[in-house]
Every structure is written in structure tokens, then in C-alpha cells.
Amino acid sequence: YGSTRPERILAEVKSKATRGDARSVVDTIDQYCRHQEWAMNVGDEKGTILDSIVCEVKPRAMLELGTYCGYSAVRIASLLPPNSRLITMEFNPVFAAIARQVIAWAGVEDKVVLIEGPSGDWIPKMKKEFGLTSFDLVFLDHWKDCYLPDTKLMEECGLLRTGSILVADNVICPGAPDYLEYVRGSPRYESKYFRSHLEYTRVEDGIEKSVFLG
Ligand SMILES: O=C(c1ccccc1)c1ccc(O)c(O)c1[N+](=O)[O-]
Ligand SMILES: [Mg+2]
């Protein structure tokens, strides 16, 4: 019977990573996806850039769009200060089911809330559902053509405050040209590009960090 790539990643984590050790889960997935089969985790190189921004911002309330297998959710959660929360959103129920188990194996489930469904449906409900005022940090890593509409929706729903930071993966490969043009061209954002590579490859990619100015 055919297993899915996320199922194979979970099996690797359960057989190779130390339960309760977030770093070993991250390293196990990187090792597997670099040497066995590529998968669309943010990866070790761009992950280090993401880590530095999470450590700098120390977000109380963080949102991730695009959970996939939970690699970046585990990476981020392991760096969050006490009583901080990562809300991670996944559209694909197969991915979400795997991510829940990877997050549990890493022992970070008390810092992570995984919600399933389309971002366009969830974003307008988040303030009420989670008693939020705004997000300190948002990691965009879902469908690349959703980056711009979802950013505009977060603005409209008052989920961004002066100083909120957007971190976007894959702005070069696969690319999010309309999003890049928006955050780089808008007077309401201060944007900076961190050059890197597509996870586990030598193809150019990068992360765009954009501060919302209100
Ligand atoms: O879109 C793809 C993609 C496109 C085609 C084939 C495989 C993946 C992708 C590639 C690298 C990423 O880091 C990533 O987050 C994504 N994604 O789907 O969100
Ligand atoms: Mg990505």
C-alpha cells in the first residue's frame, strides 16, 4: 500500500527522533529530507534565519500559515518564551493529522494550537475565537498565491498592529511576486530580504521580513 510523504516523515521521526526533544525532531526531518526524499519544510538554512527573527521578536502571539508536517511549528515552539502561543493553520487534513503527531512527539503541544481549514475562512474569526488583539509575528508558508490576499485580510481584520512582523518563506522559489511587490512598495511596510536557498537544494530562494508600520 502506498504511504504518503508526510506519513514517511512521521515514521522517520518516531523511529529516529528522541521523544520530547524538539531539536532532534527538527534534525531528523532535515536529515531525511536532505538525503532520502525532498519535502517542503522551511529547512535548516532558512530555518536558522527564522529562528533568529523569532528570538529577536520573542512573540507572545504568533501565527503560522501552512503547517505541512509541523517542522517549522516545532522549530518555532522550541524558541517561544513561557505562556506564548503559536497558532498554526493547515488547509490539508492529511498534513494536519501528521503535524499533530510530529508536534506531540516533539513535546511542544502545550505551545502550539493547530487549526484546520482555509485561511480565508479562519482569519476573520481569529480575534473572537482566540481572544486576540493582534499577532506579534506571522510566518507565511502556505500557498504562495494566498500570501497577498491573506495579508490584506489580516490588515482589514485588525490582526496587525504597529510593529507586527511578517516573515514570508519562498518569496523567490516558488515565488510570491505580487506579495513582494506589495510589501516592498507599500509605505505601510518596512521590508528586508534575507537571501538563502530552497530547502535542501542549491536553488536560490529567500525570506522576506516586513514590519507593519500601522
Ligand atoms: O509550493 C510549493 C511546491 C510547489 C511544487 C512542488 C512542490 C512544492 C512549495 C515549495 C517550497 C516551499 O517551501 C513551500 O512552502 C511550498 N508550498 O507548497 O507551500
Ligand atoms: Mg516554504
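First listed ligand is number 1; within each ligand, the first listed atom is number 1.
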Inset, instruction - For Tyr32 and Glu37, test the side chains for any donor-to-acceptor distance below 3.5 angstrom and give the result as yes or no. - result: yes
Inset, instruction - Measure the distance from atom 8 (C) of ligand 1 to every protein heavy atom, then report the residue, atom name and distance (to 0.1 Å) of the closest one. - result: Met40 SD, 3.9 Å
Inset, instruction - Using the six-membered ring wherever Trp is involved, compare the ring planes of Tyr179 and Tyr147 and label them parallel, tilted or perpendicular (cut-offs 30° and 60°). - result: perpendicular
Legend entry - Nitrogen or oxygen of Trp38 less than 3.5 angstrom from that of ligand 1: no
Legend entry - Per-residue contact class, Val42 against ligand 1 - non-hydrogen pairs under 4.0 Å: neither
Inset, instruction - Using a 4.5 Å cut-off on heavy atoms from C-beta on, say whether the side chain of Asp136 contacts that of Ile165. - result: no
Inset, instruction - Could you tell me which non-hydrogen atom of Pro6 sits nearest to which non-hydrogen atom of Ile98, and how far apart they are? - result: O-CG2, 3.5 Å
Inset, instruction - May I ask you to check if ligand 1 and Asn41 share an N or O to N or O distance below 3.5 Å? - result: no
Inset, instruction - Could you grab the angle centred on the Mg ion (ligand 2), going from OD2 in Asp169 to OD1 in Asn170, to 10°? - result: 80°
Legend entry - ligand 1 contacted by Pro174 (non-hydrogen, < 4.0 Å): yes
Legend entry - Ionic contact status for Arg100 with Glu116, cut-off 4.0 Å: yes
Legend entry - Short side-chain donor-acceptor distance under 3.5 Å, Tyr68 and Asp141: no
Inset, instruction - Could you check atom 19 (O) of ligand 1 against the protein and tell me its nearest heavy-atom contact, residue, atom and distance included? - result: Lys144 NZ, 2.9 Å
Legend entry - Distance-only donor-acceptor check, side chains Glu12 and Thr28, under 3.5 Å: no
Inset, instruction - Using a distance threshold of 4.0 Å (strictly less than), state whether atom 12 (C) of ligand 1 has a protein heavy-atom neighbour. - result: yes
Legend entry - ligand 1 N/O within reach of Lys46 N/O, cut-off under 3.5 Å: no
Inset, instruction - Determine, using heavy atoms of Trp143 and all atoms of ligand 1, whether some pair is separated by less than 4.0 Å. - result: yes
Inset, instruction - Please examine the side chains of Val167 and Leu50, heavy atoms only from C-beta on, and report whether any two atoms are closer than 4.5 Å. - result: yes
Inset, instruction - Quick one: look at Asp141 and ligand 1, take heavy-atom pairs under 4.0 Å, and tell me if it's side chain, backbone, both or neither. - result: both
Inset, instruction - Kindly confirm whether the Mg ion (ligand 2) is within less than 2.8 Å of some N/O/S atom in Glu199? - result: no
Inset, instruction - Please indicate, with yes or no, if any protein heavy atom is found under 4.0 Å from atom 5 (C) of ligand 1? - result: no
Legend entry - Short N/O/S contact of Tyr68 with the Mg ion (ligand 2) (below 2.8 Å): no
Inset, instruction - Would you name the N/O/S atom of Asp141 that lies closest to the Mg ion (ligand 2)? - result: OD1
Legend entry - Ser196-Asp205 side chain donor-acceptor pair, cut-off 3.5 Å: no
